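Proteins get letters first, then strands, A, B, ... in listed order; numbering begins at 1 in each. Only a predicted model underlies this, so the values are computations on that prediction, with no experimental measurement involved.
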Amino acid sequence: MERTLIESLAQHAGERVRVRGWVNAVRDQKRVQFVIVRDETGMAQVALPKPEEPGELNEAVSALTVESAVTIVGEVALDERVKLGGLELRLEELSVDSPAEPEVPIAPDSALDKRIDWRYLDLRRPDRRLIFEVQTTVERAMREHWASLGFLELHSPKLMGSASESGAELFHVDYFDTDAYLAQSPQFYKQMAMSGGFGRVFEIGPVFRANPSFTSRHDTEFTSVDVEISWIDSHEDVMAFEEAWVAHVLAVVAEEHGAEIESVLGGEVIVPTLPFPRIPLEEAKALAAEQGVEVPGVGHDLDPPSERALSAAVRERHGHEFVFVTDYPTTVRPFYHMRHEHDQTLTKSFDLLWRGLEITTGAQREHRYEPLLAQAREKAVDVDSIQYYLDFFRYGAPPHGGFGFGLTRLMMMLCNQDNVREVTFLYRGPHRLTP
RNA sequence: GGGGGCGUAGCUCAGCCGGUUAGAGCGCUGCCCUGUCACGGCAGAGGUCGCGGGUUCGAGUCCCGUCGCUCCCGCCA
């Protein structure tokens with residue numbers, strides 16, 4: 001007998017069906033027993049009358065523990081008395097595929113760390129599942145947009161012989177008789193794809209950062225979305241791509257999950273208008289300062305409080321949740337960011353902030369060998385260790401640019417969660433390597 | 001790397017200026033209950049107050065150390 005999903009039970013009124021899922025609750029009364037069963041599509045009530053002399057099936061129901069994995073056969077009966085979907089299953093057969101121990105170690109309001117200890121139990125909650133349904137939609141919508149523009153998908157190596165210069169700390173691994181590092185970013189490889197003539201590429205993959213960061217928005221392994229585009233005229237082209245792409249993703253999410261995100265997770269999905277506001281860094285600081293926060297001085301990046309203040313100011317002035325901050329000084333950017341022709345102290349780069357959180361860093365890259373080499377030396381980069389990378393630009397590299405995008409951070413904001421650990425299937429942090 | 005906060009029952013927490021038998025709700029176990037739906041009622045079990053040391057007649061409470069968790073800053077996406 002085939003399995004029937006709970007969401008489709010209404011279409012099987014009067015039929016005998018087989019439902020498989022978890023025991024959500026048992027209400028064992030004198031004359032009638034109820035079991036609430038839950039599968040990945042919803043919950044349904046199972047009912048069984050209890051005669052004076054309880055039968056074997058009654059005993060089996062009495063012995064059920066919450067969260068046991070069960071298979072149930074019964075007839076679907078429409079019944080207005082039932083608040084849960086107006087229907088119930090009249091129980092005929094019950095088998096326990098795997099019993100749960102009597103006391104579940106976590107509750108929905110348990111501390112996050114404890115819920116992560118028992119992540120598989122936490123993930124059974126419908127609201128936790130919704131996060132991953134949304135993530136699946138997000139990635140599908142991203143790919144739709146890339147596909148429509150002829151992008152190629154990349155799978156770059158995560159083991160590297162040298163740093164990729166993201167500025168973050170590196171994880172070291174033993175590699176036979178030498179050392180290797182876990183990739184902090186596919187940066188160098190997606191640029192190689194440009195020199196390889198791929199034109200436009202993207203990658204969704206893990207990146208590793210050995211930062212001892214103890215915040216709600218950092219992890220040591222997270223999913224990065226990387227994009228690189230050839231034959232651009234400036235970083236403006238990259239921003240134009242990104243804003244259209246983000247707007248498409250949010251439009252699809254709003255359409256498919258907007259109502260559920262609002263009712264279950266309490267977040268509103270607002271489809272952004274184009275173009276996103278663009279504000280040079282120094283102007284952004286001035287705007288943030290007007291909100292009453294102390295902002296970092298010239299030559300420094302925005303700090304988190306000023307990022308939040310900036311987003312608040314942009315929302316007030318432009319009615320927009322996104323803002324591109326542009327024209328970062330070379331002091332806070334890596335050597336491969338291209339510099340402005342008219343001002344060599346500023347890079348053709350940008351960050352994208354959403355609701356006060358940095359979700360992207362992007363730039364036009366320096367594709368000319370000599371300036372790139374000079375900039376690397378100026379930044380005191382060990383040129384020998386990245387010669388393989390510099391070589392990408394020796395035999396005709398197209399002008400190009402791109403960005404790195406924190407999928408995990410997007411998901412956190414999109415699902416109205418206050419910690420990236422909530423939206424990460426299995427979080428990895430300085431003190432978290434299991435489960 | 002710097003700073004703040006928190007560790008009390010399976011879970012979430014209360015416990016005042018230090019005071020003698022450490023509490024609540026949920027969960028669990030048992031009994032009761034005409035259809036519940038956050039079912040309800042009664043009873044019960046369950047604690048080395050993170051750990052070590054100190055102060056004190058007396059420490060869950062104060063001090064020191066330590067371990068764990070957490071948030072903020074730095075760093076980044």
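- Backbone-only contact: Asp303(A) has heavy atoms under 4.0 Å from sugar-phosphate atoms and none from a base.
- Taking only distance into account, the side chain of His218(A) meets the base of rC75(B) through a donor-acceptor pair shorter than 3.5 Å.
- Exactly one of Val249(A), Val225(A), Leu407(A), Val134(A) qualifies for a side chain to side chain contact (heavy atoms under 4.5 Å, CB included) with Glu139(A). That residue is Leu407(A).
- For Arg217(A), the side-chain atoms get nearest to rC73(B) when compared with the rest of rC73(B), rG74(B), rC71(B).
- The closest side-chain donor-acceptor pair between Ser349(A) and Arg333(A) falls under 3.5 angstrom.
- The residue Phe403(A) sits apart from the nucleic acid: no heavy atom pair falls under 4.0 Å.
- Side-chain N/O atoms of Arg409(A) and base N/O atoms of rC76(B) include a donor-acceptor pair closer than 3.5 Å.
- Taking 4.5 Å as the limit, some side-chain heavy atom of Trp146(A) sits within range of a side-chain heavy atom of Val227(A).
- The side chain to side chain donor-acceptor pair (under 3.5 Å) check on Glu153(A) picks up Arg143(A), with sequence neighbours excluded.
- Between rU61(B) and rU20(B), the two C1' atoms lie 14 Å apart (nearest whole Å).
- The interatomic distance linking Leu302(A) (CG) with rC76(B) (P) rounds to 13 Å, in whole Å.
- Every residue meeting the salt bridge (charged side-chain N to carboxylate O under 4.0 Å, His left out) condition with Arg140(A), not counting sequence neighbours, appears here in chain and number order: Glu144(A), Glu256(A).
- One C1' atom belongs to rC76(B), the other to rU66(B), and the distance between them is 32 Å to the nearest Å.
- Rounded to a whole Å, the CZ atom of Phe214(A) is 17 Å from the P atom of rC76(B).
- Using a 90° window around 0 for the glycosidic torsion, rC17(B) falls inside it and is classed as syn.
- A donor-acceptor contact closer than 3.5 angstrom links the side chains of Gln191(A) and Gln187(A).
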Carefully, step by step, assess Gln33(A) and Asp28(A) under the rule side chain to side chain donor-acceptor pair (under 3.5 Å). CA-CA 5 Å; Gln33(A) 295 171 304; Asp28(A) 187 1; 3.0 Å; yes

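- Taking a 4.0 Å limit (strictly below) on heavy-atom distances, residues 221-229 of chain A reaches RNA chain B at Phe222(A).
- Atom C1' of nucleotide rU70(B) and atom CG of Asp418(A) are separated by 12 Å, given to the nearest angstrom.
- The aromatic rings of Tyr389(A) and Phe335(A) stand perpendicular to each other, their planes meeting at an angle above 60°, with 30° marking the opposite boundary.
- If you measure from atom CG of Asp122(A) to atom C1' of rG10(B), you get 16 Å, rounded to the nearest angstrom.
- Within the model, atoms CD of Glu92(A) and CG of Leu94(A) stand 12.0 Å from one another, a figure rounded to the nearest 0.5 Å.
- Within the structure, the salt bridge (charged side-chain N to carboxylate O under 4.0 Å, His left out) test picks out no pair touching residues 293-306 of chain A (sequence neighbours left out).
- Within 4.0 Å of Arg421(A), counting heavy atoms only, lie sugar-phosphate atoms of the nucleic acid but no base atom.
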What dot-bracket string describes RNA chain B from 5' to 3', counting Watson-Crick and G-U wobble pairs whose defining distances are under 3.5 Å, with [ ] for crossing pairs and | for pairs to another strand? (((((((..((((.....[...)))).(((((.......))))).....(((((..]....))))))))))))....

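- Checked against rC72(B), rC11(B), rU70(B), the side chain of Ser216(A) finds its nearest nucleotide in rC72(B).
- Taking atom C1' on both rG25(B) and rC33(B), the two are 22 Å apart, rounded to the nearest angstrom.
- Relative to the ring axis of Tyr427(A), Arg421(A) places its NZ or CZ within 45° and under 6.0 Å from the centre.
- In this structure, CD of Glu307(A) is placed 13 Å from P of rC72(B), rounded to the nearest angstrom.
- Rounded to whole Å, the C1' atom of rG4(B) lies 23 Å from the corresponding atom of rA14(B).
- With rounding to whole Å, Asp113(A) atom CG is found 14 Å from rC67(B) atom C1'.
- Comparing the same atom, P, in rG23(B) and in rG15(B) gives a spacing of 15 Å after rounding to whole Å.
- rA22(B) and rU34(B) have their C1' atoms separated by 42 Å, with the value rounded to a whole Å.
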If the sugar-phosphate is the primed atoms plus P, OP1 and OP2 and the base is the rest, what is the B/S/- string for nucleotides 23-35 of chain B, using protein heavy atoms under 4.0 Å? ----BS----BSB

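- Between rC16(B) and rA59(B), the two C1' atoms lie 15 Å apart (nearest whole Å).
- Rounded to whole angstrom, the span from the OH atom of Tyr427(A) across to the C1' atom of rU70(B) amounts to 11 Å.
- In this model, the phosphate group of rA38(B) is not approached by any side-chain N or O of Asn24(A) to a distance below 4.0 Å at OP1 or OP2.
- Distance, Gln417(A) CD to rC71(B) P: 13 Å, rounded to whole Å.
- Within 4.0 Å of Ala25(A), counting heavy atoms only, lies no atom of the nucleic acid at all.
- For the C1' atom pair drawn from rG47(B) and rU12(B), the interatomic distance equals 16 Å after rounding to whole Å.
- Nearer to the 5' terminus of RNA chain B, by closest-nucleotide assignment, is the contact made by Ala111(A) (compared with the other of Ala111(A) and Lys83(A)).
- Evaluated for a ring pair (Phe, Tyr, Trp, His ring centres under 6.0 Å) with Phe276(A), the options Trp245(A), Phe241(A), Phe324(A) yield exactly one hit, Phe324(A).
- Looking at Glu203(A) and Ser156(A), their side chains do bring a donor and an acceptor atom within 3.5 Å of each other.
- Closest contact between the side chain of Arg308(A) and the listed nucleotides rU12(B), rC76(B), rC73(B) involves rC73(B).
- Side-chain to base pairing of Ser213(A) with rC76(B): no donor and acceptor N or O lie closer than 3.5 Å to each other.
- A cation-pi arrangement is absent between Arg365(A) and Tyr336(A) under the rule of less than 6.0 angstrom and at most 45 degrees off the ring axis.
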